[in-house]
Structure formats: structure tokens, C-alpha cells
Amino acid sequence: MKAKSLHFSKSGSVQPIASELGRVYQCVCDQIPPAYPCEGEKVVFVGVEMNGKLPGPVDHFCKDLTPARAQNVAFYVLNGSGNTSGLDDITKALEGKGVHVVPDVKAVTVKSSLFKKGRPTDADVKAVVDWAQKVIDKDLK
């Protein structure tokens, strides 16, 4: 299966999950914006650290996707609340172009302190890999 695992976070907290998805599914893992654009991908996993608003680089990257570049996009979101709001506009834009957005957004809650950014645990990484397998088995066109 042709896939990509892409990620965006200012703190780097999404990278361990994206790397594991790349390892498990033997696909390219890269930051957003990626070094090479998507072309003919069956699925693009997009991991993003956000609190309510999609970061600009992710928004711009997603708006450039077409069905020829990516048939399916699956989002997972890291933040301190487990909130996945903020994806509605980009979901509508992608669906309007004919790119299928997997409806099951995976929320990963990572706790931060005043002086330290939250990091995903091994259990968080495993939960996202399990979610990705369910996406592949159930939601892909």
C-alpha cells in the first residue's frame, strides 16, 4: 500500500508517532511541508499538535492535496485536552476536492507542565498504530 506519514508540531511531540507509523507501514515519514509532494498515495496519515486551530503550514499543505496526490487522509491530533475540533474547514475543503477524509480522528492527550512540553507515551504510540490499522482495514476507499 502506498502511504505517507506526515507530521507537524512546534515541540516535536508528534514525530515519535509519525516515525513509528512510517516504520510499521514501511512508508516515508516527513515533516509538513514534506521534502517531496504526495503523488498517488492511497493514504496520508497527518499528525498535528494543535489546540483548536489547524496550524498554517498544515492548512496550506492540505489545501494542495488532490485525489491524484492522496486518495485518503487520516488525521491524529495531539494536545492537552483530547479535543479534535479545528479540522472541520479543512475536512470540507478536502472532501470538496474529492479527497476522502477518514471520519475517525484519533485524539492523543498529552499533559504538559509549565516548564515541559508533553510527550506521547509508548501506549499512545501503540494506540495510534492500532487506530491506523483500523483505518486501513475499514475506512479506505
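Sequential numbering from 1 along the given sequence is applied to the chain's residues. These numbers come from a predicted model, not from an experiment. No hydrogens, no waters, no symmetry mates; every other heavy atom, side chains included, goes into these values.
Summarising the local packing, CD of Gln26 is surrounded by 12 or fewer heavy atoms from other residues, nucleotides or ligands at distances under 6.0 Å.
Across all their heavy atoms, Ala107 and Thr84 have their closest contact at CB-CG2, 3.5 Å. In terms of heavy atoms, Leu6 sits closest to Tyr76 at O-OH, 4.4 Å. Across all their heavy atoms, Leu65 and Ala70 have their closest contact at CD2-CB, 4.2 Å. The nearest pair of heavy atoms linking Gly80 to Asn51 is N-OD1, 4.1 Å.
Within the structure, salt bridge (Lys or Arg N to Asp or Glu O under 4.0 Å) pairs that include any residue of residues 76-89 do not occur (at least two apart or interchain).
A heavy-atom distance below 4.5 Å is found between the side chains of His100 and Val102. Side-chain contact between Val43 and Tyr25: absent, with no pair of heavy atoms (C-beta onward) separated by less than 4.5 Å. Contact annotation: the side chain of Val44 never approaches that of Asn72 to less than 4.5 Å [non-hydrogen atoms, C-beta and beyond]. Put simply, the side chain of Phe45 reaches to within 4.5 Å of the side chain of Ile136, judged on heavy atoms. Two residues are said to be in side-chain contact when any heavy atoms from C-beta on lie closer than 4.5 Å; Met50 and Pro55 meet this criterion.
Listed by chain and number, the residues in a salt bridge (charged side-chain N to carboxylate O under 4.0 Å, His left out) with Glu20 are Arg23 (sequence neighbours excluded). Residues forming a side chain to side chain donor-acceptor pair (under 3.5 Å) with Ser85 (at least two apart in sequence, or on another chain): Asn83. Taking the salt bridge (charged side-chain N to carboxylate O under 4.0 Å, His left out) definition, one finds that Lys63 meets it with Asp59, sequence neighbours left out. By the side chain to side chain contact (heavy atoms under 4.5 Å, CB included) test, Thr66 pairs with Ala68, Arg69, sequence neighbours left out. In this structure Lys92 satisfies the salt bridge (charged side-chain N to carboxylate O under 4.0 Å, His left out) test with no other residue, sequence neighbours excluded. Partners of Thr91 according to the side chain to side chain contact (heavy atoms under 4.5 Å, CB included) rule, which considers only residues two or more places apart in sequence or in another chain, are Leu87, Glu95, Val101. With sequence neighbours excluded, no residue satisfies salt bridge (charged side-chain N to carboxylate O under 4.0 Å, His left out) with Asp104.
With rounding to the nearest 0.5 Å, the separation of CG in Leu78 from NE2 in His7 is 11.5 Å. Remark: Trp131 CH2 to Ile17 CD1 distance equals 10.0 Å, nearest 0.5 Å. Ser9 OG to Asn79 CG: the interatomic distance, rounded to the nearest 0.5 Å, is 12.0 Å. Atom CG of residue Leu21 and atom NZ of residue Lys4 lie 14.5 Å apart, to the nearest 0.5 angstrom.
Remark: the backbone N or O of Glu39 is paired with a side-chain donor or acceptor of Lys2 at under 3.5 angstrom.
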Donor-acceptor pairs under 3.5 Å, side chain of residues 120-128 to any protein atom, not counting sequence neighbours: which ones?
residue, atom, partner, partner atom, Å
Thr121, OG1, Ala123, N, 3.3
Thr121, OG1, Asp124, N, 3.1
Thr121, OG1, Asp124, OD2, 3.2
Asp124, OD2, Thr121, N, 2.9
Lys126, NZ, Asp130, OD1, 3.4
Lys126, NZ, Asp130, OD2, 2.9

Identify all side-chain donor-acceptor contacts of residues 27-37 below 3.5 Å with residues at least two apart in sequence or on another chain.
residue, atom, partner, partner atom, Å
Asp30, OD2, Ala35, N, 2.7

